[in-house]
Amino acid sequence: MIQFNFFSLGTAFVILQLLPGVVGWGKEGHYAVCKIAEGLLTEDAAAAVKNLLPEIAKGELAAVCSWPDEIRGLYRWSAELHFIDTPDFLCNYEYCRDCHDSGGNKDRCVVGGINNYTMQLHKFQGSASEWKYNLTEALMFLSHFIGDIHQPLHAGFLGDLGGNTIPIHWFGMRTNLHRVWDNMIIETAMKNFYSSDLAIMIEAVNKKITDTWSEDISSWENCTSINTVCPDPFASESIDLACKYAYPGATPNSTLSDEYFLSRLPIVEKRLAQGGVRLASTLNRIFKTEMLISEA
């Protein structure tokens, strides 16, 4: 398993406040995934997360879930850990084939990142002085990457860089297909249906989790891996959804509006829900009672 190097977290947060934001799902999407997860944590997991969060988070995981995007300018090595490129038009994912960076280095993709930071968080025992890894950063990277892998185009085609090179007009605004799925479907939904209030949108998604999708939750949470987390199915789901919903109708320079928006919004909301549920279940498995550190 690969490990990654770190700068000082304090320095990182100072620089973070000076850098322009670079988004993944988009800040709203990542906030939603982590806010949904917060409400599903066990008491032990919630305590462990709170213990690891940086002061700037003020006890809220969702407040720092976009940090890995915002720090890319400083942590340049992390850029290729946010996604996985899959072969054009095959519409499937294979770890051994697809999880590598542009230089061919294995395990350097979002699935590898999730596995790596899950492994690091398993070291959350003993005194803090004995930790080999920066577990605050590990928590924030893991939370962010589980969000990323649920955005369908974060497992999109290599040839168009997950839709980044497909120019699109979104209700007349020039953008690209990747950004539509990162940001614009969520932003348009907030404006049209949720009074431009992300909290109301999250509340609506939570209601669907307890009502509409209640019978699906156990299958979403299921993980038979001895590594506590099972990101391979998440990636497979994403490329399947990209092929069925993201790419169709989105030819270069096409205009996407109500028909595309209204038919894709349910997919986006469900992926936010799945990301939140799976992030919570992963953290709950990591921070079982017997693994918690003693306060030092």
Side-chain angles (χ1 to χ4, degrees), residues 24-50 52-53 60-66 68 82 93 110-111 113-115 117-118 121 138-152 154-155 181-182 185-186 189 194 198-225 227-242 245 264-288:
W25 246 124
K27 290 185 178 181
E28 293 85 358
H30 281 293
Y31 186 93
V33 167
C34 287
K35 181 55 68 175
I36 290 166
E38 284 178 15
L40 299 171
L41 294 177
T42 63
E43 185 177 343
D44 289 334
V49 167
K50 186 174 182 180
L52 285 175
L53 285 173
E60 183 186 19
L61 177 61
V64 291
C65 274
S66 288
H82 291 253
Y93 150 81
V110 66
V111 176
I114 289 171
N115 289 332
Y117 290 112
T118 299
L121 285 169
L139 172 65
M140 293 189 293
F141 274 119
L142 176 63
S143 300
H144 183 91
F145 291 157
I146 287 181
D148 272 342
I149 201 171
H150 283 83
Q151 202 274 62
H154 275 250
W181 282 78
D182 265 355
I185 293 175
I186 294 174
Y194 300 114
L198 182 57
I200 297 175
M201 184 174 184
I202 293 171
E203 182 180 356
V205 174
N206 272 325
K207 182 170 174 51
K208 290 179 181 178
I209 290 173
T210 57
D211 296 343
T212 309
W213 301 315
S214 60
E215 295 184 358
D216 300 324
I217 302 306
S218 60
S219 64
W220 294 357
E221 294 176 325
N222 184 51
C223 182
T224 57
S225 170
N227 294 321
T228 311
V229 67
C230 300
D232 286 323
F234 311 164
S236 293
E237 291 168 358
S238 279
I239 182 55
D240 181 63
L241 291 170
Y245 297 100
R264 273 59 171 186
L265 176 59
I267 306 302
V268 168
E269 292 187 332
K270 189 172 184 178
R271 292 306 273 172
L272 294 175
Q274 289 175 318
V277 168
R278 286 163 168 169
L279 172 57
S281 64
T282 299
L283 294 175
N284 289 341
R285 285 191 290 265
I286 291 171
F287 298 123
K288 292 178 182 178

message = Looking at every non-hydrogen atom in both residues, tell me the closest pair between Phe145 and Val110 and how far apart they are.
response = O-CG2, 3.6 Å
message = Can you pull out every salt bridge (charged side-chain N to carboxylate O under 4.0 Å, His left out) where at least one residue sits in residues 205-218? Sequence neighbours excluded, please.
response = Lys207-Asp211, Lys208-Glu269
Partners meeting ring pair (Phe, Tyr, Trp, His ring centres under 6.0 Å) with Phe234 (sequence neighbours left out) = His150
query = Where do Trp181 and His154 land on the side-chain contact (heavy atoms from CB on, under 4.5 Å) test, with the steps shown first?
reply = CA-CA 10 Å; Trp181 282 78; His154 275 250; over 6 Å; no
Val205 versus Trp213, closest heavy-atom pair with distance = O-CZ3, 4.1 Å
request  = Return the minimal non-hydrogen interatomic distance between Val33 and Gly147, and the atom names on each side.
outcome  = CG1-CA, 4.2 Å
note = Minimal heavy-atom distance between Ser214 and Thr210, with the atoms involved, is CB-O, 3.3 Å
key: Residues that Asn206 engages under side-chain hydrogen bond (donor to acceptor under 3.5 Å, both in side chains), provided they are two or more places apart   = none
task = Rounded to the nearest 0.5 Å, what's the gap from OH on Tyr31 to CD1 on Ile202? Could you check?
result = 6.0 Å
Gap between atom CG of Leu40 and atom CG of Asn284 - 0.5 Å precision = 8.0 Å
ask   = Taking the side chain as C-beta and beyond, is there a heavy-atom pair between Phe287 and Leu121 under 4.5 Å?
value = yes
task = Mark yes when over 12 heavy atoms from residues, nucleotides or ligands other than Tyr245 sit less than 6.0 Å from its OH; otherwise mark no.
result = no
query = Which pairs count as salt bridge (charged side-chain N to carboxylate O under 4.0 Å, His left out) when at least one residue sits in residues 30-42, sequence neighbours excluded?
reply = Lys35-Glu38, Lys35-Glu60
inquiry  = Quick check for you: to the nearest 0.5 Å, what is the distance between Leu61 atom CG and Leu283 atom CG?
reply    = 7.0 Å
request  = Identify whether the distance between the nearest side-chain nitrogen and carboxylate oxygen of Lys50 and Glu43 falls below 4.0 Å.
outcome  = no
OG1-CG distance between Thr118 and Leu142, expressed to the nearest 0.5 angstrom = 4.5 Å
ask   = About how many Å separate OG1 of Thr212 and NZ of Lys270, when rounded to the nearest 0.5 Å?
value = 10.0 Å
remark   = side-chain contact (heavy atoms from CB on, under 4.5 Å) filter on Ile217, not counting sequence neighbours, yields Ile209, Trp220, Glu221, Val277
key: Closest heavy-atom pair and its distance - Cys65, Ser143   = SG-CB, 3.9 Å
query = Which residues satisfy the side-chain hydrogen bond (donor to acceptor under 3.5 Å, both in side chains) test with Ser238, sequence neighbours excluded?
reply = Arg271
remark   = Nearest heavy-atom contact between Ala273 and Ile36 is CA-CD1, 4.3 Å
ask   = When the ring centroid of His30 is compared with that of His144, is the distance short of 6.0 Å?
value = yes
task = Name all residues meeting the side-chain contact (heavy atoms from CB on, under 4.5 Å) criterion together with Ala37; count only those two or more places apart in sequence or in a different chain, and write none if there are none.
result = Leu279, Ala280
query = Are His82 and Pro68 close enough that some pair of their side-chain heavy atoms sits under 4.5 Å apart?
reply = yes
key: Distance, nearest 0.5 Å, that separates OG of Ser236 from CG of Asp240   = 8.5 Å
message = Parallel, tilted or perpendicular: which one describes the rings of Phe141 and Tyr117, with boundaries at 30° and 60°?
response = parallel
task = Compare all side-chain heavy atoms of Ser218 with those of Asn222 and state whether any distance is below 4.5 angstrom.
result = no
ask   = Does a side-chain heavy-atom distance below 4.5 Å link Thr228 with Cys223?
value = no
query = Given side chains that start at C-beta, do those of Glu28 and Ile186 come closer than 4.5 Å, heavy atoms only?
reply = yes
